[in-house]
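Take a look at the structure set out below.
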Amino acid sequence: MIVTFTANPSLDRTVALPGPLERGEVQRAVSVSQESGGKGVNVSRALVASGLETIAVLPGADADPVLAGLRHDGVPFAALPIDEPLRTNVALTEPGGVTTKINEPGPVLSEDQQEALIKLLLERARGASWVVLAGSLPPGFPADFYATVTRRLRTAADGGAPLIAVDSSGAPLVAAVADASADGVSGTPDLLKPNAEELAELAAAAGFATASTADELEADPEAAAAAAAAVVRSGVGAVLATLGSKGAVLVTADGAWLATHPPVAAVSTVGAGDSSLAGYLLAHGQGAAPADCLRQAVAHGAAAASLPGSTVPAVHQTTPEAVTITALRKD
Ligand SMILES: O=P(O)(O)OC[C@@]1(O)O[C@H](CO)[C@@H](O)[C@@H]1O
């Protein structure tokens with residue numbers, strides 16, 4: 001069972017434009033669609049698509065369209081009832097796949113609601129193989145929320161703790177990695193899934209590597225592996241860094257690999273990183289070696305980019321056999 005946790009879920013509205021986005025102009029949409037989203041929710045949707053057991057833990061009122069969408073799609077969830085509506089995030093997609101995204105901040109949750117959300121997660125995470133903590137945090141959450149949750153999951157498990165994956169950005173990402181142990185329990189994740197931008201942000205904030213921009217890391221997988229290796233040396237179990245159309249890099253304590261997929265006709269990149277994480281977890285659950293977990297991650301990411309909006313692929317829609325794996329130096 002893989003449990004996902006999305007503190008700031010969203011209704012993802014995708015507006016398809018007939019041509020390039022024109023700032024300051026009126027443009028007519030070709031089509032509009034909407035899906036229940038948020039990073040953890042997308043991971044759960046991708047796992048369900050491949051027949052895996054998962055549950056999405058999130059806040060949301062019973063009648064919220066995000067929960068209605070999950071019910072409609074048959075995605076199991078446990079929601080903490082809140083009064084405020086969840087946010088709506090808009091993606092403007094251009095022919096060729098260029099995507100502009102506008103994400104709302106999300107509803108404010110009181111400290112009591114934050115605590116109730118953690119308790120709901122602890123309850124649902126009993127016996128899970130993985131817990132995925134993903135996405136931004138709603139306004140008012142402390143930046144070290146993921147580190148706190150990670151420690152509480154490990155303390156509550158009383159042996160047999162789930163593996164913990166984190167996919168976030170900004171201050172919550174930096175705090176998730178920087179966290180020192182408290183009472184002998186580490187708050188750092190077993191797996192971190194940054195994209196190039198987040199890896200660059202992390203490397204700069206933590207002083208891990210000589211400053212590289214996201215573009216430099218995407219263009220230079222060795223540099224991405226070096227930055228990821230510094231994160232692993234700081235105490236994170238493994239780093240799966242997705243590099244957009246350039247593939248992905250996996251760094252563990254034992255090795256570093258690059259995986260690339262032949263170009264696909266990109267339609268929407270929204271949710272491609274979440275699908276990559278789902279692909280990695282799917283292969284990991286089947287006992288695959290690290291390089292083969294990476295292979296499935298990239299196959300899932302490429303398939304997701306070729307699908308519209310936040311649509312996630314099932315494993316049979318992916319082409320892991322088309323992925324090339326190269327071992328990299330990690331120091
Ligand atoms: O604002 P966050 O939480 O960082 O990201 C939210 C989001 O952009 O992430 C998913 C794609 O990865 C979308 O479903 C969703 O709209």
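Start at 1 and go down the list; that is how both ligands and their atoms are numbered.
- When the options Asp274, Asp12, Asp167 are evaluated for a side-chain hydrogen bond (donor to acceptor under 3.5 Å, both in side chains) with Asn42, the one that passes is Asp274.
- Atoms of ligand 1 found under 4.0 Å from any heavy atom of Ser10 (numbered from 1 in listed order, with element): 15 (C), 16 (O).
- For ligand 1, the atoms sitting less than 4.0 Å from at least one non-hydrogen atom of Asp274 are 10 (C), 11 (C), 12 (O), numbered in the order shown with element in parentheses.
- Within the listing of ligand 1, atoms 1 (O), 2 (P), 3 (O), 4 (O) sit less than 4.0 angstrom from a heavy atom of Ser136.
- For atom 9 (O) of ligand 1, the closest non-hydrogen atom on the protein side is Lys39 NZ, 3.0 Å.
- Here the side chains of Leu243 and Val249 are in contact, with some heavy-atom distance below 4.5 Å.
- Contact analysis puts Arg87 in contact with ligand 1, with a non-hydrogen atom separation below 4.0 angstrom.
- Looking only at protein heavy atoms, the nearest one to atom 13 (C) of ligand 1 is Asp12 OD2, 3.2 Å.
- The hydrophobic clustering, which links ILVMFWY residues whose side-chain heavy atoms are closer than 4.5 Å, places Val166 and Leu250 apart.
- Listed by atom number, the atoms of ligand 1 under 4.0 Å from Asn42 heavy atoms are 10 (C), 11 (C), 13 (C), 14 (O).
- Under a 4.0 Å criterion applied to the non-hydrogen atoms of Gly135, ligand 1 contributes the atoms 3 (O).
- Counting the atoms of ligand 1 from 1 in the order shown, those under 4.0 Å from a heavy atom of Asn89 are 6 (C), 15 (C), 16 (O).
- Between Gly38 and ligand 1, an N or O atom pair is found at a separation short of 3.5 Å.
- Side-chain atoms of Leu121 and Val149, non-hydrogen and from C-beta on, do get closer than 4.5 Å to each other.
- Here the CD-NE2 distance, from Gln317 to His300, works out to 8.5 Å after rounding to the nearest 0.5 Å.
- Minimum interatomic distance between Val267 and Ser306 (heavy atoms only, all atoms of both residues): CG2-O, 3.4 Å.
- Closest heavy-atom contact between Leu11 and Val66: N-CG2, 3.6 Å.
- Each of the atoms 14 (O) of ligand 1 lies under 4.0 Å from some heavy atom of Gly37.
- For the pair Ser310/Arg45, a side-chain contact is recorded, criterion being any heavy-atom separation below 4.5 Å from C-beta on.
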